[in-house]
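All of these numbers come straight from a predicted model, not from anything done at the bench. Quick note on labels: first sequence line is chain A, next is B, and so on, each numbered from 1.
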2 protein chains.
Amino acid sequence: MNTELSNFKHYINNLVSMDDSTFELAKEFLKIERIAKGDDFITQGKVCNKIAFIISGLLKIYYLKDGNHVNTCFCAENSIASSFESFTNQTVSQESIEALEDSTLIVISKSALDKLYQLHSKWQEVGHKMVEKECVRLSARVQTLGFDSALEKYKALIENQPHIIQRVPIQDIASYLGVSRETLSRIRSKIVKH
Amino acid sequence: MNTELSNFKHYINNLVSMDDSTFELAKEFLKIERIAKGDDFITQGKVCNKIAFIISGLLKIYYLKDGNHVNTCFCAENSIASSFESFTNQTVSQESIEALEDSTLIVISKSALDKLYQLHSKWQEVGHKMVEKECVRLSARVQTLGFDSALEKYKALIENQPHIIQRVPIQDIASYLGVSRETLSRIRSKIVKH
DNA sequence: GAAATTTTGTGACAAATGTCAATTGACGCT
DNA sequence: AGCGTCAATTGACATTTGTCACAAAATTTC
């Protein structure tokens with residue numbers, strides 16, 4: 001548990017500076033959860049009442065459109081995964097979160113997080129920063145998804161999350177970029193030839 | 001000033017319940033700013049150090065891509081306008097905000113807002129909620145922009161912000177939806193005939 | 001109110017991307 | 001090695017959307 005916690009601590013300290021005793025407050029609320037490849041962390045149709053810090057592994061967030069998976073996000077080690085809107089508003093989640101690799105997560109429940117917020121305002125600040133970060137990520141995504149060509153979108157992905165290309169099936173990447181699997185395949189072969 | 005403030009108060013109370021005395025704390029930090037149609041509220045290349053609540057009028061947020069305006073958001077009365085990333089991180093803004101109509105704004109500076117946060121944690125909560133709201137908006141936008149057809153995007157706009165159609169030139173709407181002016185024009189004529 | 005400017009609509013064509021079908025390639029299983 | 005399964009590639013063609021040119025309509029300016 002302790003080696004796993006240190007990665008989490010690093011992540012937190014990157015958002016706000018926090019002394020050890022404040023960090024310790026969180027310990028009693030955290031649980032380790034392991035998800036096998038292919039299994040759900042969050043399931044569409046339920047209320048999402050937990051948020052995960054990813055120790056190792058890789059998850060995808062997706063929703064269903066006309067029966068197909070539409071991937072909205074890949075979440076890799078040292079980042080956060082949750083169904084954001086469902087978690088904050090405690091509404092039914094429109095999306096599922098599934099493990100693309102065997103994954104180990106540090107999980108905190110909504111109710112535990114609310115308690116933690118009460119214990120120390122520093123943790124509130126953490127929550128605030130996390131949401132801000134998510135906002136910035138989404139803004140960038142709006143720009144590429146909405147206004148860039150398929151090629152530009154693929155290049156942006158290589159730029160921002162190069163490891164994803166290696167670890168995720170091409171069909172999942174295509175869905176994430178909002179293009180067909182075939183189009184992405186053609187883009188790749190063009191790039192390779194260069 | 002007071003009639004204008006009451007709209008702002010309503011907006012705040014919709015995010016968190018707040019008693020009058022806490023609301024009053026803000027008064028000394030607020031300024032009224034009027035922007036004529038066509039003028040900038042925020043200019044690309046500068047650090048955005050203010051955030052506006054819109055009393056009346058309409059603004060668009062845009063950035064330049066290959067010399068063209070790309071509209072990322074329309075902000076109408078009773079909502080907030082700012083260059084979010086620039087404001088929170090105090091970095092140079094990639095986007096400008098321009099008035100599409102003569103507009104009246106309640107403006108608070110970054111430094112004033114930070115002071116207000118110190119005065120009462122309730123105001124911090126307001127800030128937190130505002131960011132959360134922005135996140136939810138952006139998520140919805142990622143879905144339509146990235147994965148819906150031009151027709152679906154236009155229908156979604158009619159659904160969510162019907163007044164925009166009446167008030168904004170079609171070329172600005174096209175840019176907002178990530179389609180060409182001509183394509184949007186054709187979509188409209190199809191819908192009318194039905 | 002006429003002229004000038006801007007915005008919008010429409011046709012013809014081009015480019016980008018999607019769809020369908022068939023093929024190839026990778027990988028595990030026996 | 002051979003088989004089966006699934007993922008990825010490729011070709012042919014359809015559809016969507018973009019681009020360019022120009023006309024019509026609306027708006028602004030004088």
Asker: Roughly how many Å is it from CZ in R167(B) to P in dT7(C), rounded to a whole number?
Answerer: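 Answer to the nearest Å: 18 Å.
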
Asker: Please list residues of residues 173-185 of chain B whose heavy atoms come under 4.0 Å from any atom in DNA chain D, ordered by number; otherwise none.
Answerer: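 Residues of residues 173-185 of chain B under 4.0 Å from DNA chain D: G178(B), V179(B), S180(B), E182(B), T183(B).
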
Asker: Any sub-3.5 Å donor-acceptor pair from S83(A)'s side-chain atoms to C48(A)'s backbone N or O?
Answerer: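 Checked: no pair found.
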
Asker: I want to check something: taking the side chain as every heavy atom from C-beta on, are I61(B) and F84(B) in contact at a cut-off of under 4.5 Å?
Answerer: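 When only atoms from C-beta onward are counted, F84(B) and I61(B) do not touch, as no gap falls below 4.5 Å.
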
Asker: Treating R141(B) as the side-chain partner and T72(B) as the backbone partner, does any N or O pair qualify as donor plus acceptor under 3.5 Å?
Answerer: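 Looks like yes, one N/O pair under 3.5 Å.
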
Asker: Within this structure, what is the CD-to-C1' distance between Q171(B) and dT10(C), rounded to whole angstrom?
Answerer: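 So the CD-C1' distance, Q171(B) to dT10(C), works out to 17 Å.
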
Asker: Mind calculating the distance between CG (L151(A)) and C1' (dA15(C)) to the nearest angstrom?
Answerer: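 Going from L151(A) (CG) to dA15(C) (C1'), I get 14 Å.
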
Asker: Scan side-chain atoms only and decide if E132(B) and H128(B) contain a donor-acceptor pair under the 3.5 Å cut-off.
Answerer: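 Side chains of E132(B) and H128(B): pair found under 3.5 Å.
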
Asker: Whole angstroms only, please: what is the CG-C1' distance between L100(A) and dA7(D)?
Answerer: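 So the CG-C1' distance, L100(A) to dA7(D), works out to 15 Å.
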
Asker: Looking only at atom types and distance, does a side-chain atom of N160(A) sit under 3.5 Å from a main-chain N or O of A156(A), one as donor and one as acceptor?
Answerer: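 At least one qualifying donor-acceptor pair exists.
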
Asker: Rounded to whole angstrom units, what separation is found between the CD1 atom of I187(A) and the C1' atom of dA8(D)?
Answerer: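 Going from I187(A) (CD1) to dA8(D) (C1'), I get 15 Å.
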
Asker: Testing V136(A), V131(A), T88(A) one by one against C135(B) for a side chain to side chain contact (heavy atoms under 4.5 Å, CB included), which residue passes?
Answerer: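 In the set V136(A), V131(A), T88(A), the residue that makes a side chain to side chain contact (heavy atoms under 4.5 Å, CB included) with C135(B) is V131(A).
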
Asker: Atom pairs under 3.5 Å, N or O on each side, protein against nucleotides 24-30 of chain D: can you list them with distances?
Answerer:
none

Asker: Does K155(B) come within less than 4.0 Å of E152(B), counting only side-chain N to carboxylate O?
Answerer: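 The answer is no: the pair does not qualify as a salt bridge.
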
Asker: To the nearest 10 degrees, what angle separates the axes at the start and end of the helix from dG1(C)-dC30(D) to dT30(C)-dA1(D), five pairs each?
Answerer: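 The angle separating the two end axes equals 40°.
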
Asker: Whole-Å distance between dA16(C) P and Y154(A) OH?
Answerer: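 Between P of dA16(C) and OH of Y154(A): 19 Å.
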
Asker: What's the closest nucleotide to the side chain of I170(A) if the choices are dG18(D), dA8(D), dG18(C)?
Answerer: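 Of all the options, the side chain of I170(A) is nearest to dA8(D).
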
Asker: In Å, rounded to the nearest 0.5 Å, how long is the span from CD of Q143(B) to CG of L138(B)?
Answerer: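 Q143(B) CD to L138(B) CG: 12.0 Å, rounded to 0.5 Å.
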
Asker: Report the distance from atom CD of Q166(A) to atom C1' of dA8(D), rounded to the nearest whole Å.
Answerer: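 In whole Å, dA8(D) C1' and Q166(A) CD are 16 Å from each other.
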
Asker: To the nearest Å, how far apart are R186(A) CZ and dG11(D) P?
Answerer: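 Distance check: R186(A) CZ to dG11(D) P gives 8 Å.
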
Asker: So among I164(A), L58(A), N71(A), which one has a side chain to side chain contact (heavy atoms under 4.5 Å, CB included) with L100(A)?
Answerer: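 Result: among I164(A), L58(A), N71(A), L58(A) is the only option passing the side chain to side chain contact (heavy atoms under 4.5 Å, CB included) with L100(A).
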
Asker: For the atom pair CG (N68(B)) and CD (Q171(B)), what is the distance rounded to the nearest 0.5 Å?
Answerer: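 Nearest 0.5 Å value for the CG-CD distance: 10.5 Å.
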
Asker: Assess whether a salt bridge exists between D148(B) and K65(A), defined as any Lys/Arg side-chain N lying under 4.0 Å from an Asp/Glu carboxylate O.
Answerer: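 Yes, this pair counts.
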
Asker: From the set dT17(C), dG9(C), dT17(D), return the single nucleotide nearest to any side-chain atom of R188(B).
Answerer: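 Nearest listed nucleotide: dG9(C).
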
